[in-house]
Amino acid sequence: MNTKPQVNVVWLKRDLRLHDNEAIFNALKTGRQVLLLYSFEPILMDDAHYSERHWNFIKESLVDLNAELKQYNSKVLIVQSDIIAAINHLQSHFRISDIYSHQETGILVTYERDKNFKRFCKNNLINWHENINNGVIRGLKDREGWNEKVDAFYAIDPLPFQPRQDQLVPIEVINEIEQNLNIPSLSTPEFTAFQKGGRSTGKKYLKSFFSERYPNYMQHISKPELARTSCSRISPYIAWGNLSVREVYHEAYHLKETSKHKKALEAFMSRLRWQTHFIQKFEMEHTMEEASVNKGFHRLKKSISKKYQVAWKTGNTGYPLVDACMRCLNETGYLNFRMRALVVSFFTHNLWQPWQEATTHLSQMFLDFEPGIHFPQLQMQAGETGINMLRIYNPVKNSLEHDPEASFIKKWVPELYKLDTPFAHQPYLMTALEQQFYNFKLGRDYPNPIVDLDTTRKKAGDALWKLRKDKTVLEESKRILKKHTLRNKLQNT
DNA sequence: CCCAGCTTTAT
DNA sequence: TAAAGCTGG
């Protein structure tokens with residue numbers, strides 16, 4: 001006779017929150033007792049896309065979650081093992097017939113893991129309930145009716161977290177279970193330059209954005225320094241599910257009714273929608289992680305230069321804005337959208353390196369790494385979708401425009417601090433005499449430019465535009481437009 | 001990804 | 001002068 005208590009397990013993945021969490025909501029709705037589970041899985045911890053900063057962010061999120069759960073006399077069971085082993089172990093304590101989690105639009109590693117898990121659930125007579133996340137819909141053939149579906153998703157009020165008395169597995173029971181499991185330490189460095197993980201911190205960013213920072217959203221969005229305060233900075237909290245896109249959208253919507261800066265809020269909301277679009281694209285085209293979505297670009301062969309790649313990663317290309325961006329990203333985990341585009345443009349066009357060589361460094365550095373945005377954006381910026389305008393950014397033009405006083409540059413490339421502004425933008429223009437005057441030697445104190453901007457720009461542009469006339473590229477462009485957009489106009493057909 | 005608004009190019 | 005290309009947001 002089976003006397004084990006029955007629980008619904010909620011498997012937390014990249015949705016580290018209680019509020020507006022459909023998996024938790026559905027698990028509670030059944031009336032059964034609910035156990036929240038997070039597992040640090042070796043296959044992910046060892047994966048090259050992730051880095052220490054992500055694991056720390058997750059740990060901080062879990063600590064925050066547990067603080068919130070204290071009032072319910074519960075906590076998340078946090079283990080360090082693969083998910084199947086974790087569930088297997090839990091089955092010695094509970095009868096588990098239902099597991100709840102969100103549909104994850106992840107990388108190949110999580111996709112494979114989920115397929116295995118599905119098989120495991122089937123063999124163990126467990127119902128695995130996966131809910132829609134971020135409005136992204138699984139199994140679509142094209143975008144027919146997609147906007148309406150997303151509208152419907154956003155229209156629903158965020159789901160409340162309302163367990164009845166003692167509905168969550170109590171702390172004492174979880175402590176007992178932990179005795180026989182591999183429990184990771186949740187301690188994280190106290191002082192870092194990274195945004196701190198956790199819903200309560202995410203809420204603080206949201207509050208300060210909506211109460212004071214958002215009016216300059218549009219004017220500052222492309223400026224490397226000003227964007228850091230005029231943009232919301234909630235991306236890591238969205239990426240790791242501390243905040244739901246829907247609740248943010250709703251807050252913006254309500255604020256708009258009384259706001260004097262409606263345009264700024266509209267722009268912000270529009271970008272929230274684009275976030276959903278890109279994740280949807282990746283959901284429907286998961287091979288994008290490794291190869292260009294436009295198969296015509298598979299034959300684009302670029303020669304790999306480790307020397308260029310190291311210079312780029314460490315911020316030693318000799319182009320101050322590129323270097324400042326890369327060093328700032330490495331230190332803080334954040335860069336505004338335009339500057340991300342610029343460093344990818346420099347890597348793929350000026351250094352003429354395959355975008356695949358940039359993926360893991362960037363995903364490790366972006367605290368807000370979101371697979372569904374990462375790969376589509378990388379490919380688009382590399383000019384390998386066939387359906388978008390090429391964008392080859394000029395780092396000098398951008399620094400003069402967006403960092404006119406070179407303050408961002410001087411902050412992150414201190415070698416250039418003592419130079420006057422024009423030379424901080426273009427140190428390679430200094431004559432020998434001027435270098436002597438500033439006690440600054442190019443090639444010693446700061447690198448010479450590793451490539452020439454004009455020639456590399458032209459070479460990349462010519463090669464990519466030529467390929468765009470290729471038959472396969474054109475066919476693929478048609479296919480991509482048909483599958484991922486509602487637009488019908490086709491170029492060059 | 002789209003859109004607006006502008007500039008350049010092709011015929 | 002319409003279409004295509006470019007740029008900022």
Side-chain angles (χ1 to χ4, degrees), chain A residues 105 134-137 140 142-144 146-147 150-151 214-224 226-228 230-232 235 245 261-285 288 292-294 321 335-342 344-345 349 370-404 454 457-458 460-469 474 476-493:
Chain A
T105 305
N134 291 326
V136 174
I137 299 153
L140 292 187
D142 56 36
R143 291 298 180 98
E144 207 64 53
W146 182 77
N147 273 314
V150 177
D151 282 343
Y214 80 93
N216 287 321
Y217 183 72
M218 293 294 278
Q219 298 91 294
H220 294 171
I221 197 165
S222 294
K223 319 260 179 232
L226 295 170
R228 301 180 85 81
S230 292
C231 289
S232 71
S235 55
V245 192
H261 309 278
K262 291 185 172 40
K263 281 272 176 285
L265 290 171
E266 273 167 20
F268 176 70
M269 287 161 81
S270 143
R271 278 162 179 81
L272 286 177
R273 288 294 289 250
W274 283 114
Q275 184 255 17
T276 308
H277 161 84
F278 281 108
I279 302 176
Q280 182 71 53
K281 181 167 183 178
F282 190 56
E283 170 69 37
M284 290 162 69
E285 201 96 51
M288 282 187 92
S292 295
V293 59
N294 188 314
L321 184 60
L335 212 52
N336 64 316
F337 178 77
R338 192 61 116 218
M339 293 302 113
R340 294 186 195 206
L342 179 126
V344 172
S345 163
H349 298 134
E370 162 59 66
I373 296 176
H374 196 68
F375 298 101
Q377 285 288 345
L378 211 47
Q379 293 196 24
M380 193 192 300
Q381 191 46 60
E384 299 196 19
T385 63
I387 63 168
N388 304 103
M389 185 56 53
L390 283 185
R391 279 172 184 248
I392 307 178
Y393 291 93
N394 183 329
V396 178
K397 181 172 178 287
N398 270 272
S399 76
L400 291 169
E401 231 157 70
H402 297 304
D403 187 26
D454 293 335
R457 181 200 166 90
K458 178 145 180 23
D462 288 351
L464 290 168
W465 276 116
K466 195 178 155 208
L467 238 187
R468 278 182 77 136
K469 298 194 174 74
L474 289 171
E476 278 287 291
S477 298
K478 257 198 216 173
R479 178 189 71 79
I480 293 164
L481 282 175
K482 216 172 148 196
K483 182 168 177 182
H484 299 287
T485 73
L486 286 173
R487 119 177 94 120
N488 290 314
K489 65 175 165 69
L490 302 168
Q491 55 268 69
N492 292 328
T493 46

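The shown structure was predicted, so the numbers you read here are calculated from the model rather than taken from an experiment. Numbers restart at 1 for each chain; the letters A, B, ... are given by sequence-line order, proteins then strands.
- Atom NZ of A:Lys458 has 12 or fewer heavy atoms from other residues, nucleotides or ligands within 6.0 Å.
- Interface residues of residues 266-285 of chain A facing DNA chain B, ordered by number: A:Trp274, A:His277, A:Phe278, A:Lys281; criterion, heavy-atom separation under 4.0 Å.
- In the set B:dC2, C:dG9, C:dG8, C:dG9 carries the atom at the smallest distance from any side-chain atom of A:Ser222.
- Taking atom CZ of A:Arg391 as the reference point, atom P of B:dC3 lies 14 Å away to the nearest angstrom.
- The distance between atom NZ of A:Lys397 and atom P of C:dC6, rounded to the nearest whole Å, is 13 Å.
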- prompt: Would A:Phe278 and A:Thr105 count as a side-chain contact (heavy atoms from CB on, under 4.5 Å) if you check the C-alpha gap in whole Å, the side-chain angles of each, and the deciding distance to 0.1 Å?
  reply: CA-CA 11 Å; A:Phe278 281 108; A:Thr105 305; over 6 Å; no
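- Atom CG of A:Asn388 is separated from atom P of B:dC2 by 7 Å (rounded to the nearest Å).
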- request: Please report the C-alpha distance between A:Glu285 and A:Lys483 in whole Å, then the side-chain angles of each, then the deciding distance to 0.1 Å, and finally whether the salt bridge (charged side-chain N to carboxylate O under 4.0 Å, His left out) criterion is met.
  value: CA-CA 10 Å; A:Glu285 201 96 51; A:Lys483 182 168 177 182; 3.7 Å; yes
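- Atom-to-atom, CE of A:Met389 to P of C:dG5 comes out at 6 Å; the value is rounded to the nearest Å.
- Distance, A:Ile221 CD1 to C:dT7 C1': 15 Å, rounded to whole Å.
- In this structure, A:Arg271 fails the cation-pi test against A:Trp274, since its NZ or CZ atom is not both closer than 6.0 Å to the six-membered ring centre and inside 45 degrees of the ring normal.
- When the nucleotides C:dG9, B:dC2, C:dG8 are ranked by their closest atom to the side chain of A:His402, C:dG9 comes out on top.
- When each of C:dC6, C:dG8, C:dG9 is scored by its nearest atom to the side-chain atoms of A:Glu401, the top-ranked nucleotide is C:dG8.
- Across A:Pro395 and A:Leu321, no two heavy atoms sit closer than the pair O-CD2, 3.7 Å.
- Per the geometry, CD1 belonging to A:Ile392 stands 9 Å off P belonging to C:dC6, to the nearest Å.
- Residues A:Phe337 and A:Gln377 have side chains in contact (heavy-atom distance under 4.5 Å, counting atoms from C-beta outward).
- Atom OH of A:Tyr393 is separated from atom P of C:dC6 by 13 Å (rounded to the nearest Å).
- Between the CZ atom of A:Arg338 and the C1' atom of C:dG9 there is a distance of 6 Å, given to the nearest Å.
- Heavy-atom minimum distance, A:Pro376 versus A:Pro371: CD-O, 3.9 Å.
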